Number of protein chains: 2
Amino acid sequence: MAKNLTTREEDYSKWYNELVVKADLAENSGVRGCMVIKPYGYAIWEKMQAELDRMFKETGHQNAYFPLFIPKSYFSKEASHVDGFAKECAVVTHYRLKTDESGKGIIVDPDAKLEEELIVRPTSETIIWDTYRKWVQSYRDLPILVNQWANVVRWEMRTRLFLRTAEFLWQEGHTAHATEAEAIAEAEQMLRVYAEFVENYMAIPVIKGLKTESERFAGALETYCIEALMQDGKALQAGTSHFLGQNFAKAFDVKFTDKEGKMDYVWATSWGVSTRLMGALVMTHSDDNGLVLPPNLAPDQVVIVPIYRNDEQFDAVSEVAKMIMNDLRASGLRVKFDDRDTHKPGWKFNEYELKGVPVRIAIGPKDVEKGTVEIARRDTLEKEFVKTEDVVDTIGALMDEIQKNLYKKASDFRSNNTTTVDSYDEFKEVLNTSGGFILAHWDGSAETEERIKNETKATIRCIPLDDNTQPGSCMVTGKPSSRRVLFARAY
Amino acid sequence: MAKNLTTREEDYSKWYNELVVKADLAENSGVRGCMVIKPYGYAIWEKMQAELDRMFKETGHQNAYFPLFIPKSYFSKEASHVDGFAKECAVVTHYRLKTDESGKGIIVDPDAKLEEELIVRPTSETIIWDTYRKWVQSYRDLPILVNQWANVVRWEMRTRLFLRTAEFLWQEGHTAHATEAEAIAEAEQMLRVYAEFVENYMAIPVIKGLKTESERFAGALETYCIEALMQDGKALQAGTSHFLGQNFAKAFDVKFTDKEGKMDYVWATSWGVSTRLMGALVMTHSDDNGLVLPPNLAPDQVVIVPIYRNDEQFDAVSEVAKMIMNDLRASGLRVKFDDRDTHKPGWKFNEYELKGVPVRIAIGPKDVEKGTVEIARRDTLEKEFVKTEDVVDTIGALMDEIQKNLYKKASDFRSNNTTTVDSYDEFKEVLNTSGGFILAHWDGSAETEERIKNETKATIRCIPLDDNTQPGSCMVTGKPSSRRVLFARAY
Ligand SMILES: [Zn+2]
Ligand SMILES: [Zn+2]
């Protein structure tokens, strides 16, 4: 059942690229660096969006929409932001094409040059804070708790489907607050929301932490993040939440009058997750047979495949299949009955395995006679026969079990691939063998961090927000360290 | 209760512009022609999206996502499409900014010029058909029933919030079929879906019809549309569905093998509605007091405002209000209890009237004593006292009644503003007095259509798809006409 898929062992990177295309998640387009998200991939993204959107609304946020284009000058207003973002980006310089008089087809009309170039948003802090200035006068106008679902563009030279593309889809929350404490609480709350989503829906365990100064978002005072570990031992940043202080309020002159009548600048946060999560989902759970989807996000949770040799058998099998489908649907599950006569059962088994459908039911004429069906789990590839009347209960329980099993597998993998080291030599050895997360002491300086990165390609993924705060001494310089931090090579 | 809103009578256009801003639907941004859709406006758009998306899925469509950018050369591939779309558009010519060495701040890096310019999509037929070529080999791969929710850009010199903006949000369906008949059936089906949505959710009656050849979408063999009438007597095209024949399949070489093994080009449709519908919603129902929203799309269907002079009264009133809120929510309604102490009841009444909340409940200490509440309808501005125990039933019935009443009002308005004329003089007179829809005979020629447009600014909105097919003679040329067509000045 290899489906001509490269194995993870052979070439993990190739396995990923092939799987994304073969499982109909996404493909490259005719535009360099821009992907097409195919219907099956988009259906998974829609499930993710729906859950996140619900969680955002439950925490008091509303959606809005801000312009795709940002005037070039806006980027210069926040000093550190311009360095971080106004570099590799798509620049609109003209607003018209015309038919060339000398027969060269259509060309850019030189008379239609913009006075000021427009940047296709790489992130929207600047345009949003330019807007918030008009929305905020008094403490009564605060907080502003707004999220946007949008496409953004960051020109990337080397792209990979979902993981790094020139255009990607994301959500970006941008909130405005009257106090520093409230803004920090918001940034921390959204980190918890992300962690909850990634763990409970994507079945991926994450480590919550703070970025070091050099890894912070451009313009942030503090960047919170969640970090996940992929099957090849590399880390993937699954979401970030930024406490922006008053930087953007100062850059865009957003002030408010507080209850005592004093003027102050507004406090800000921003936070986002993107279609990159699709990459994390694939890389965490899938195997050499294809995609493995957690039931909570699978577009089809159950597929029913009929097995028959003639019309009479098809009718008998279909009757049972439809009854089971209806019962499962009534119990709240997403079920597909694949009764196409253009494809054989073996082809279908292969297809749904490749596409990661959590449970497959097969029903043949003998099953109808015996009053049983065959149930196959995608996560363990185990099969069992179940009495027709027990199908709904069995599959209901299986959904929970598969969801939990995927989380446990990923969690065990992470435990087995997290190493505590005390020397720089050991650090390098682990990186060059098993990889994974490494907990080590670091002296807190940007120089040491930079040196480690240059020498090993490993970065500090985060300073974990946990209770393991035992001091020690830096594995590189021997200087004092207040706690171990989390290192890894990363996507 | 004028809320400083210009009246429709005074200046309809100004009334619209003010209302959109004051009711917190949208506002202009710092980027010419691009709007900010504010949270309240976006919440209405989300309701519209949710219903449309459900209807698309019920008719077998799936969502996907295609690139924002389209290489310039793609537009040249379909001859009529290039004339229609590759003109006023945003052109990306560079992919990097840099800090100017002579201190001019950030500038476009001249070394980062793209080999081929990219156009920000004005519509996605070209990039999608370039993709479909890879998806289709055999009749087994058809139909492709795909929709995309996206932002698009058409450079407009004169813009108005929602009605005409450089960037707008929309959905675009793009389907591929094995036969001409199936593609035509799809285009017609989606026209019906749009009509159903606009009539049942937006409470706006529409006329279904076909565009004349000169008004067709660039690249279409037939454009179906729905046309609505605004309160100022101008028409607004609320949605279009195009039968594209094999034009895009030929331009992008998309062929398939049919059941008999013969090769043929694939048949296509596309269809779309946009945030322009928000403009139609405002202009159809709203009045000089502000927005009027149909219950089926109102983010808040009911708002409860407490009236009190002291804490004790507030507690008593709140208790009743919360009970009512919970009962109404349990019955499936979207209810807000506005217990903010930062604003007075009069301010709140004004605010919710401006924002078009269908039903307002006011509760004061006397109401608590008497066991009643005051209910006010936004559509008729009528108020009545209702016993507390009857609130849920009363408001449940009111929701239906308001939805129907809005439709009926709009429908009556349209009947009163649809004129059948037989002479060109009468035609001009109607246009210059009441405006509205005009049914008249036309000889079917593009010349006559053009002459009428130049002389009166009225266009043929559509050739209605109804049974009124009595022949006659053209009001301008006297030549034979097979049926009356629908004229109006339009947005
Ligand atoms: Zn981290
Ligand atoms: Zn029409």
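Naming: A, B, ... by sequence-line order, numbering from 1 per chain. Just so it is clear, the structure is predicted and the values come from calculations on it, not from any experiment.
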Peer 1: Run through B:L97, B:L114, B:V91 and flag the one making a side-chain contact (heavy atoms from CB on, under 4.5 Å) with A:V91.
Peer 2: B:L97
Peer 1: As an exercise, state the distance from CD of A:E167 to CZ of B:F69, rounded to the nearest 0.5 Å.
Peer 2: 6.5 Å
Peer 1: Determine whether A:I37 and B:F66 make a side-chain contact, defined as any pair of heavy atoms from C-beta on separated by less than 4.5 Å.
Peer 2: no
Peer 1: Once rounded to the nearest 0.5 Å, what's the spacing between atom CG of A:L68 and atom SG of B:C34?
Peer 2: 7.0 Å
Peer 1: At a 4.5 Å cut-off on heavy atoms, which part of B:K113 comes close to chain A: side chain, backbone, both, or neither?
Peer 2: neither
Peer 1: Grab the two heavy atoms, one from A:G30 and one from B:Y74, that are nearest each other, plus how far apart they are.
Peer 2: CA-OH, 3.4 Å
Peer 1: Among A:G41, A:S73, A:P67, single out the residue with the greatest number of heavy-atom pairs under 4.5 Å to chain B.
Peer 2: A:P67
Peer 1: Measuring heavy-atom distances to chain A, does B:D53 have an atom under 4.5 Å in its side chain, in its backbone, in both, or in neither?
Peer 2: side chain
Peer 1: By a 4.5 Å heavy-atom criterion (distance strictly below it), what part of B:E116 contacts chain A: side chain, backbone, both, or neither?
Peer 2: neither
Peer 1: Calculate, to the nearest 0.5 Å, the distance between atoms NE2 and CZ belonging to B:H343 and A:R140 respectively.
Peer 2: 6.5 Å
Peer 1: Go through the atoms of B:I128 and report whether side chain, backbone, both or neither lie under 4.5 Å from a heavy atom of chain A.
Peer 2: neither
Peer 1: Are a donor atom and an acceptor atom from the side chains of B:E46 and A:W149 found within less than 3.5 Å of each other?
Peer 2: no
Peer 1: How long is the span from the CD atom in B:Q148 to the OH atom in A:Y42, to the nearest 0.5 Å?
Peer 2: 8.0 Å
Peer 1: Side chain, backbone, both or neither: which part of B:V36 has a heavy atom under 4.5 Å from chain A?
Peer 2: both
Peer 1: Roughly how far, to the nearest 0.5 Å, is OH of B:Y95 from NZ of A:K87?
Peer 2: 15.0 Å
Peer 1: Can you say whether B:W45 sits under 4.5 Å from chain A via the side chain, the backbone, both, or neither, judging by heavy atoms?
Peer 2: neither
